[in-house]
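Below: the structure, in structure tokens.
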There are 2 protein chains.
Amino acid sequence: MLTTLTEENYLKAIYHISQSTQSEVSTNAIAQKIDAKASSVTDMLKKLADKNLITYIKYRGVHLTEKGRLAAVDIVRKHRLWEVFLVDKLNFAWDEVHDVAEQLEHIKSQKLINELEALLDFPTHDPHGDPIPDKNGQIHRTNKILLSQAEVGKSYTCVGVLDSSSDFLKYLDKYKIGIGTALQLEDKEDFDQSMNIIINDDAIVMSKAITNNIYVKLHKGN
Amino acid sequence: MLTTLTEENYLKAIYHISQSTQSEVSTNAIAQKIDAKASSVTDMLKKLADKNLITYIKYRGVHLTEKGRLAAVDIVRKHRLWEVFLVDKLNFAWDEVHDVAEQLEHIKSQKLINELEALLDFPTHDPHGDPIPDKNGQIHRTNKILLSQAEVGKSYTCVGVLDSSSDFLKYLDKYKIGIGTALQLEDKEDFDQSMNIIINDDAIVMSKAITNNIYVKLHKGN
DNA sequence: ATTAAAATTTAGATGAGTCTAAAAATATTT
DNA sequence: AAATATTTTTAGACTCATCTAAATTTTAAT
Ligand SMILES: [Mn+2]
Ligand SMILES: [Mn+2]
Ligand SMILES: [Mn+2]
Ligand SMILES: [Mn+2]
């Protein structure tokens with residue numbers, strides 16, 4: 001039973017929402033993500049339930065079945081592999097890849113995606129630091145924290161971003177922050193949680209809105 | 001004014017048919033190519049005419065406007081570039097690329113296709129020997145002839161195929177015939193136009209059905 | 001020049017995906 | 001516990017792309 005492009009987008013939306021919320025996914029949350037009206041979502045939920053891709057109880061929200069989860073993760077896998085391709089092979093910047101990957105993720109060819117993965121040397125993460133699911137739908141999660149949760153006085157490495165909007169990524173570009181950049185947390189202001197960070201020997205101030213969207217892990221060597 | 005995937009497929013079909021027929025393209029010819037009923041084609045022709053992509057006179061067939069021609073050629077350009085990508089970078093065989101390219105040709109991103117072209121080193125022909133239109137919709141046609149029209153006693157180089165069905169391409173693979181292969185026309189049978197051809201020092205017999213689908217040009221050095 | 005055949009268009013219906021407006025169910029406040 | 005607000009579903013309609021069956025036009029044959 002083949003899935004349409006639209007169904008794939010719904011599955012992916014449900015998957016991403018369920019990643020953050022853990023519990024059942026609401027109609028409204030999906031509507032917001034998909035940018036559609038709640039009534040349209042209800043219609044689609046019935047279809048996905050008929051195909052056993054989600055379990056759906058009226059008024060109670062939905063969650064993915066194992067079949068649905070695998071379908072969703074497969075789309076995520078394709079999306080992230082294509083993003084790597086665009087950056088590594090086609091000179092795209094990391095803020096330019098998402099929209100094109102949204103199209104490419106729906107191309108149906110098993111051989112295509114397997115060969116693409118090989119061409120890219122089996123990358124583990126996409127240009128935004130998000131893990132790439134393997135063929136079996138397994139995801140290797142690394143223990144990363146938000147920079148806002150980091151401890152004063154310690155050194156970190158940037159390993160990803162939460163918000164991958166073009167605006168935010170361009171902000172990071174401006175201050176030469178990318179995946180792998182070393183960040184030293186000098187100080188944190190109690191009043192507004194803004195942070196003094198040293199990057200490439202430059203000291204900059206980051207608001208909570210910024211530090212809440214940068215993933216880091218403790219730098220090797222303290 | 002954006003074109004839908006379906007409209008793009010109709011434009012491409014009309015373009016390809018007009019290449020062989022020269023004159024107006026008939027509703028039935030399109031229906032056959034698209035694998036749809038004639039009534040569906042009529043509906044779409046009205047839409048394409050409204051968008052000034054074709055000129056359409058009831059019962060009299062259609063032809064592409066300049067705007068429509070450019071749109072069609074752009075799809076062809078993408079299709080063929082993707083085919084090169086699949087063969088050169090992803091280890092696809094020349095009989096495996098068409099269906100995937102049918103999907104990829106509809107991806108919308110100018111940067112994507114320009115960068116892809118650069119990654120592939122600006123190829124001039126696709127894996128089946130068909131020319132790749134340039135950014136401006138110009139097509140560099142080489143003077144090739146069908147092997148069936150070749151002269152006995154002369155040597156040729158295979159430069160393309162007319163039929164690029166998997167069945168035909170696998171036949172060519174079996175006899176180690178590909179783009180660039182040298183073919184020497186030894187003899188031609190008057191009765192059925194079958195030919196005796198020498199390839200890689202092997203003599204083989206090809207029926208008219210075969211020689212009618214192989215493009216060749218005179219081998220350099222007579 | 002009629003008639004028959006073939007090609008094309010129209011009319012009406014269907015399914016996928018969406019919408020608005022109204023109804024129903026659930027959650028929150030008083 | 002009622003009243004109110006929010007969320008979700010239903011009902012009915014729309015667009016796109018398709019179909020079948022019938023009507024029309026063009027082409028070919030008598
Ligand atoms: Mn993305
Ligand atoms: Mn990403
Ligand atoms: Mn092709
Ligand atoms: Mn081709």
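Treat the numbers as computed from the prediction; the structure is a model and nothing was measured. Per chain, numbering begins at 1; letters A, B, ... match sequence-line order.
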### Message
Please determine whether the number of non-hydrogen atoms from other residues, nucleotides or ligands lying under 6.0 Å from atom NZ of B:K144 exceeds 12.
### Response
yes
#### Entry: Distance below 4.0 Å between B:Y10 side-chain N/O and D:dC16 OP1 or OP2
no
### Task
Determine: side-chain N/O of B:Y59 to OP1/OP2 of C:dT10, distance under 4.0 Å, yes or no.
no
### Task
Whole angstrom is fine here: how far is it from CG in A:D50 over to P in C:dA16?
11 Å
### Query
Which of residues 28-44 of chain B have a heavy atom under 4.0 Å from DNA chain D?
B:A36, B:K37, B:S39, B:S40, B:D43, B:M44
### Query
Does the distance from a Lys or Arg side-chain N to an Asp or Glu carboxylate O, for B:E83 and B:R80, drop under 4.0 Å?
no
### Task
To the nearest Å, give me how far apart CD (A:E8) and P (C:dA16) are.
16 Å
#### Entry: Lys/Arg-Asp/Glu bridge criterion (N-O < 4.0 Å) met for B:K47, B:D43
no
### Donor + acceptor pair across side chains of B:S26, B:N28 (<3.5 Å)
no
### Enclosure of A:Y171 OH (heavy-atom neighbours >12, cutoff 6.0 Å)
yes
#### Entry: Residue whose closest nucleotide on DNA chain C lies nearer the 5' end, A:R60 versus B:T27
B:T27
### Query
Tell me: CG of B:L45 to C1' of C:dT10, nearest whole Å?
14 Å
### Message
Nearest whole Å is fine: how far is C:dT9 C1' from B:K47 NZ?
### Response
16 Å
### Message
Please determine whether a side-chain nitrogen or oxygen atom of A:Y56 lies at a distance below 4.0 Å from atom OP1 or OP2 of D:dT8.
### Response
no
### Summary
Between CD of A:E24 and P of D:dT8 the distance, given in whole Å, is 12 Å
### Task
Round to a whole Å and report the spacing from CG of B:L48 to P of D:dC16.
13 Å
### Message
Among A:K51, A:E8, A:H106, A:K108, exactly one meets side-chain hydrogen bond (donor to acceptor under 3.5 Å, both in side chains) together with A:T3. Which residue is that?
### Response
A:E8
### Message
Can you tell whether the side chains of A:K46 and A:D50 come within less than 4.0 Å, N to carboxylate O?
### Response
no
### Query
So does B:K58 get a side-chain nitrogen or oxygen closer than 4.0 Å to the phosphate oxygens (OP1/OP2) of C:dT10?
yes
### Task
Please check the phosphate of C:dT10 (OP1 and OP2 only) for any side-chain N or O of B:K46 closer than 4.0 Å.
yes
